Amino acid sequence: MGYPRIRMRRLRSSPIIRDLVRETHLTRDDLIYPLFVCEGRNVRQEISTMPGVCRLSIDQLVREAEECAAAGVKAIILFGIPAEKDESGSSGFRGDGIVQKALRELKTRGLPLMLITDVCLCEYTSHGHCGLVRGHQILNDETVELLVRQAVSHVQAGADMVAPSDMMDFRVRAIREALNKNGFMDTGILSYAVKYASAYYGPFREAAHSAPGFGDRKTYQMDPANSREALKEARQDVIEGADMVMVKPALAYLDIVAMLRRELTVPIAAYNVSGEYSMVKAAAQKGWVDEKAIVLETLLSIKRAGADIIISYHAKDALNWMHEDKKF
Ligand code: PBG
Ligand code: ZN
């Protein structure tokens, strides 16, 4: 049974043989890059908790999008940071909202980039919750109506796909029906179907000034202890009309990604979230880890777990590194 019949290391003995037997490949087609757009001109304000990620005014966003397209980014997901926030997040669904204006501007450039938008209230509400608040309750059905308005107005402004991230029940069905009614039958929905109430979103909330003013998101986002519930959420969203489903965060939830890959036929996206990004950046800045190697290994691991698509703040760097390596 032993050597020389068995020698595991034979298939690892040269770069060529390793390339031949490699099971998982990270490719340029797998990555979506998140961008934050804010009001103003010539704004390029680095987010203190996320080195290398900026809040961009529309002029700078356009520049960034052009650079992304040149680096081989195929799709971006847009987050809006409005000038004003109110109880109902009304700046999120106005025709002259920040995301709507950005979409119109990007569309005129005809870049080879798919434009996805995050649909949620928390970036636009004064209280920072993802839904309408009554007392200390986050309302479901009333929130869904506003999410629908936001989604439709994004698509009217040029979004190619909408990604609701609020975790209200039945919002995918409502958004699908509203898009259809408005003639957008061919515009897809990437549902944040399995979104956990996670501490890994901390740096993002600093970026979008969207930390909840009271309480937490545990009455709508999922309990990190649950995995059967993830399958229930994802199946439900597919029934309601989601074209793709997302697991978020990615790294502490790769078991969930793998389970959904086994159980579902729709494409699975995983969101390599802000906290995951910031930890790598912090360690890299201290010289404690090799950033490029860590990032490429991390993205590969998400792919190996079963994700078809990875949303990551590392996407642009990763694409540039992949070009350098020529292996991709
Ligand atoms: C908005 C939204 C959040 C993220 C994506 N969409 C924040 C949250 O739910 O608190 C997190 C992204 C990240 O951490 O990178 N609902
Ligand atoms: Zn939200």
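Counting convention: from 1, in listed order, for ligands and their atoms alike. Keep in mind that what you see is a predicted model, and the values were worked out from it rather than measured.
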Taking ring pair (Phe, Tyr, Trp, His ring centres under 6.0 Å) as the test, write out the residues that go with Phe36, two or more places apart. Phe79, Phe204

If you measure from OG on Ser126 to CG on Leu121, what distance do you get to the nearest 0.5 Å? 11.0 Å

Do other residues, nucleotides or ligands put more than 12 heavy atoms under 6.0 Å from the OH atom of Tyr192? yes

Result block: side-chain N/O donor-acceptor pairs under 3.5 angstrom for residues 304-315, not counting sequence neighbours:
unit_1: Asp308; atom_1: OD2; unit_2: Arg261; atom_2: NH1; d: 2.5
unit_1: Asp308; atom_1: OD2; unit_2: Ile268; atom_2: N; d: 2.8
unit_1: Ser312; atom_1: OG; unit_2: Asn272; atom_2: OD1; d: 2.8
unit_1: Ser312; atom_1: OG; unit_2: His314; atom_2: N; d: 3.0
unit_1: Tyr313; atom_1: OH; unit_2: Tyr271; atom_2: OH; d: 2.7

Mark up the atoms of ligand 1 that fall under 4.0 Å of a heavy atom belonging to Phe79, in ascending order. 5 (C), 6 (N)

Look at atom CZ of Arg10 and say whether more than 12 heavy atoms of other residues, nucleotides or ligands are closer to it than 6.0 Å. yes

Would Glu123 count as a polar contact of ligand 1, with the cut-off being nitrogen or oxygen pairs under 3.5 Å? no

Is Tyr277 close enough to touch ligand 1? Criterion: a residue heavy atom under 4.0 Å from a ligand atom. no

Give a yes/no verdict on whether any heavy atom in Glu276 is under 4.0 Å from an atom of ligand 1. no

Quick one: look up the protein heavy atom nearest atom 12 (C) of ligand 1 and list residue, atom name and how far away it is. Phe204 CD1, 3.4 Å

Could you check Val37, Asn42, Val43 and say which one makes a side-chain contact (heavy atoms from CB on, under 4.5 Å) with Gln60? Asn42

Separation between CD1 of Ile138 and CE of Met167, rounded to the nearest 0.5 Å: 14.0 Å

Under 4.0 Å to a heavy atom of Cys120 - the qualifying atoms of ligand 1, by number: 16 (N)

Would you kindly say whether Gln221 and Ser198 are connected by a side-chain donor-acceptor distance under 3.5 Å? no

re atom 15 (O) of ligand 1, the protein heavy-atom contact at minimum distance is Tyr313 OH, 2.6 Å

Do Glu240 and Gln236 have side-chain N/O donor and acceptor atoms under 3.5 Å apart? yes

Using a 4.0 Å cutoff against the non-hydrogen atoms of Tyr271, which atoms of ligand 1 qualify? 12 (C), 15 (O)

The atoms of ligand 1 lying under 4.0 Å from a heavy atom of Arg217, numbered in the order shown, are 8 (C), 9 (O), 10 (O)

Residue, atom name and distance, where the atom is the protein heavy atom closest to atom 14 (O) of ligand 1: Ser274 OG, 2.7 Å

Heavy-atom contact under 4.0 Å between Met167 and ligand 1? no

Short list, please: which atoms of ligand 1 are under 4.0 Å from a heavy atom of Lys248? 2 (C), 3 (C), 4 (C), 5 (C), 6 (N), 11 (C), 12 (C)

Every N, O or S from the protein that is nearer than 2.8 Å to the Zn ion (ligand 2): Cys120 SG, Cys122 SG, Cys130 SG

Which residues satisfy the side-chain hydrogen bond (donor to acceptor under 3.5 Å, both in side chains) test with Tyr124, sequence neighbours excluded? none

His154: which of Asp118, Thr117, Asp160 passes side chain to side chain donor-acceptor pair (under 3.5 Å): Thr117

Which atoms form the tightest heavy-atom contact between Asn320 and Ala71, and what is the distance? OD1-CB, 3.5 Å

shortest atom 9 (O) of ligand 1-to-protein heavy-atom contact is with Lys195 NZ, 2.6 Å

What atoms of ligand 1 come within less than 4.0 Å of a heavy atom belonging to Cys122? 1 (C), 16 (N)

Taking atom 6 (N) of ligand 1 as the reference point, the nearest protein heavy atom with its distance: Asp118 OD1, 3.2 Å

I'd like to know whether NZ of Lys232 has more than 12 heavy-atom contacts from other residues, nucleotides or ligands below 6.0 angstrom. no

A quick test of your reading: do over 12 heavy atoms of other residues, nucleotides or ligands sit less than 6.0 Å from CZ of Arg149? no

Does the N or O separation between Ser165 and ligand 1 drop below 3.5 Å for any pair? yes

